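One structure is given below, represented as structure tokens, and several questions about it will come after.
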Amino acid sequence: MRKSLTSAERLKSKADFALVFNNAGVKSACRGAKLVARKNSFEINRFAVTLVRKFGNAVQRNYARRVLKEIYRNTKQDLPTGYDIIVVLYSGDYNYHEREQQFTKLIRRAGIAKTDS
RNA sequence: AAGACGGGCCGGGUUGCCGCUGGUUUAAACCAGAGGAAAGUCCGGGCUCCGCAGGGGAUGAUGCCGGGUAACUCCCGGGCGCUAUUUCGGUUUGUACCGAGACAGUGACAGCCAGUGCCGCAGAAAAUAUACCGCCAUUUAAAUAUGGUAAGGGUGAAAUGGUGAGGUAAGAGCUCACCGGGCCGACCGGUAACGGCGGUUGCAAGGUAAACCUCAUCAGGAGCAAGGUUAAGCAGCGGAUAGGUUCCCCGCCUGUUAUCCGCGGGUAAAUCGCUGAUGAUUUUUCCGGUAACGGGAAAACCAGAUAGAUGGUAACCGUAAACAGAACUCGGCUUACAGGCCCGUCUUUUUU
RNA sequence: GGCGCCGUACCCAAGCGGUUAAGGGAGUGGAUUGCAAAUCCAUGAUUCAGCGGUUCGAGUCCGCUCGGCGCCU
């Protein structure tokens, strides 16, 4: 599986976001981040990152978004397919490795990790 | 060499792997991919629309002079004022004061001789004229009273030019010398602001226009979520005769199969604008100009996203990098900024 | 991205450039009560969001910065 993140694998419209937030089947949270997901009707996962309103300036927001997209790209082969996943990030100074620990914790608590791995 | 101040520039680099956006394109592959402030949105343009932009008013902005520019509250050059430092000259016993010059910084720098308003407290008196203490004269034994007086004290941010001499009962530009003002000049220099020179005037009147205001100049309004096209979807009802030019009036334009207003209903998607390009563009260079800048030549085309593209990781250098992310676009201003480089001025130390 | 509004004590707020910045609620202390409530009395701005400027003097006028809020399709 390629470690890509094409535009078909991303949530885009405002309607998609509203659907996930209003019909969230899976939720989990930890310090600094929160995960919301629901089953979709496709063969693939779709992913998006969003940030709370008071998250720093534009550079900090873009950096946090990139880091989460990178983590998802590197770990998505370990996830089962058929989910729309949104990660909400809260304000805080976290580097790549800390964000990676947060993401694996969220996936484990949400119960959508593959059981064999 | 170090430090301080001022000005200008740079703003991590190279390689591999995994990824993102755009272009060429069958695909693969290749190429390109955030800033000096992209920021604040404080000014000024381009561009688009408003059934046209005409006039007057209101409102707002600007405000020494000349130039630059598409334009500007910007930039360049000059003038004047103020402040600090310093030099020279004068006065004085003297800390000091006055005048002239140099260099640096700085100034929302038109007009309170059009009119109006305001100047609390303190002070006798605050813009109108005026005597609290004091001084002098007359009166009285004295107290006191009347008059003269702005030199001294005191108040204040500000008190009717300053210093010295004469003068006087005591005083006062009352008179004189020097300095500082005001006014005039058909004079000289300068495009001008202004400066110089000469004459004249004893100098009856302060500050505030980032107070109203006056004068001059400039502004139609809204903003790419402007605006155009396509697709999907829905349900009409009530009211007005006028509506439009986005503050008002005139003028102008449109109109009764019309237009507008209010309530209600529907959509929340794509595409153009949008950047692959001919531009106030970028780089190099020549010429003119004190400079801002203008003119020419050659080469180049250099982000274009829409949940919103530059990251992660490994290695090396390293302070294992500050402030910080384009959203139609350009010129400025302002604010933030680790570290490094260059130039100029001043100070200190060392060497010759 | 663009356009606009606001900031005065813990909260709501008034404030013509001029003492020591109104008022209400809450709080605190006291009085009252057997104890409370209610009532009465007293009480607080070291810097009017911050910095700079104009002025003799700024909460007020002007500029910049910070923070908060609203609108657009």
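Lettering of chains follows the sequences in order, A, B, ..., and the numbering in each one begins at 1. Side chains included, hydrogens not; waters and symmetry mates left out as well; all remaining heavy atoms used. Keep in mind that what you see is a predicted model, and the values were worked out from it rather than measured.
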Note to self: I'd like the P distance from B:U93 over to B:G123, given in whole Å.
What the structure shows: 38 Å
Notebook entry, point to check: How far does the P atom of B:A303 sit from the matching atom of B:A32, given to the nearest Å?
Noted result: 12 Å
Note to self: Distance check, C1' atoms only: B:U41 and B:U24, in whole angstrom units.
What the structure shows: 39 Å
Notebook entry, point to check: What is the distance from CD of A:Gln60 to C1' of B:A38, rounded to the nearest Å?
Noted result: 16 Å
Notebook entry, point to check: Do A:Asp84 side-chain atoms and A:Asn40 backbone N/O form a donor-acceptor pair below 3.5 Å?
Noted result: no
Next item on the list: Based on the glycosidic angle (syn within 90° of 0, else anti), state the conformation of B:G289.
Entry: anti
Checklist line | Gap in Å between the two C1' atoms, one belonging to B:C75 and one to B:A84, rounded | finding: 28 Å
Next item on the list: To the nearest Å, give me how far apart CG (A:Asn74) and P (B:G311) are.
Entry: 16 Å
Notebook entry, point to check: Across all strands, who's sitting opposite C:U28 as a Watson-Crick or G-U wobble pair, both distances under 3.5 Å?
Noted result: C:A42
Check: When only distance counts, do a donor and an acceptor, one from the side chain of A:Glu70 and one from the base of B:G19, lie under 3.5 Å apart?
Finding: no
Check: Roughly how far apart, to the nearest Å, are B:C213 and B:A258 at atom C1'?
Finding: 50 Å
Note to self: As a test of the definition: with a 90° window around 0 for syn, would you call B:C323 syn or anti?
What the structure shows: anti
With a 3.5 Å cut-off and sequence neighbours excluded, list the donor-acceptor pairs that the side chains of residues 30-39 of chain A form with protein atoms.
| residue | atom | partner | partner atom | Å |
| --- | --- | --- | --- | --- |
| A:Lys39 | NZ | A:Tyr83 | OH | 3.4 |

Next item on the list: State which residues pass side chain to side chain donor-acceptor pair (under 3.5 Å) with A:Lys105; sequence neighbours excluded, sorted by chain then number.
Entry: none
Item checked: P-based separation of B:C188 from B:G164 [nearest Å] -> 43 Å
Margin query: Taking C:C64 as the reference, what is the distance to B:G189 when you measure between their P atoms (whole Å, please)?
Written below: 47 Å
Notebook entry, point to check: Nearest-Å distance, CD (A:Glu98) to P (B:U313)?
Noted result: 12 Å
Margin query: Output the rounded distance in Å from CD (A:Gln77) to C1' (B:C18).
Written below: 11 Å
Notebook entry, point to check: With rounding to whole Å, what would you report as the distance between B:A225 and B:U259 at their P atoms?
Noted result: 29 Å
N/O to N/O distances under 3.5 Å, protein versus nucleotides 304-310 of chain B:
| residue | atom | partner | partner atom | Å |
| --- | --- | --- | --- | --- |
| B:A307 | O2' | A:Leu11 | O | 3.0 |
| B:G308 | OP1 | A:Arg10 | NH1 | 3.2 |
| B:G308 | OP2 | A:Lys69 | NZ | 3.4 |
| B:U310 | OP2 | A:Arg66 | NE | 3.0 |
| B:U310 | OP2 | A:Arg66 | NH2 | 3.3 |

Notebook entry, point to check: Does A:Asn57 put a side-chain nitrogen or oxygen below 4.0 Å from OP1 or OP2 of B:G325?
Noted result: yes
Checklist line | Protein-nucleotide distance (A:Glu9, atom CD; B:U21, atom P), rounded to Å | finding: 11 Å
Margin query: Angle between ring planes, A:Phe47 versus A:Tyr72, binned at 30° and 60°: parallel, tilted or perpendicular?
Written below: parallel
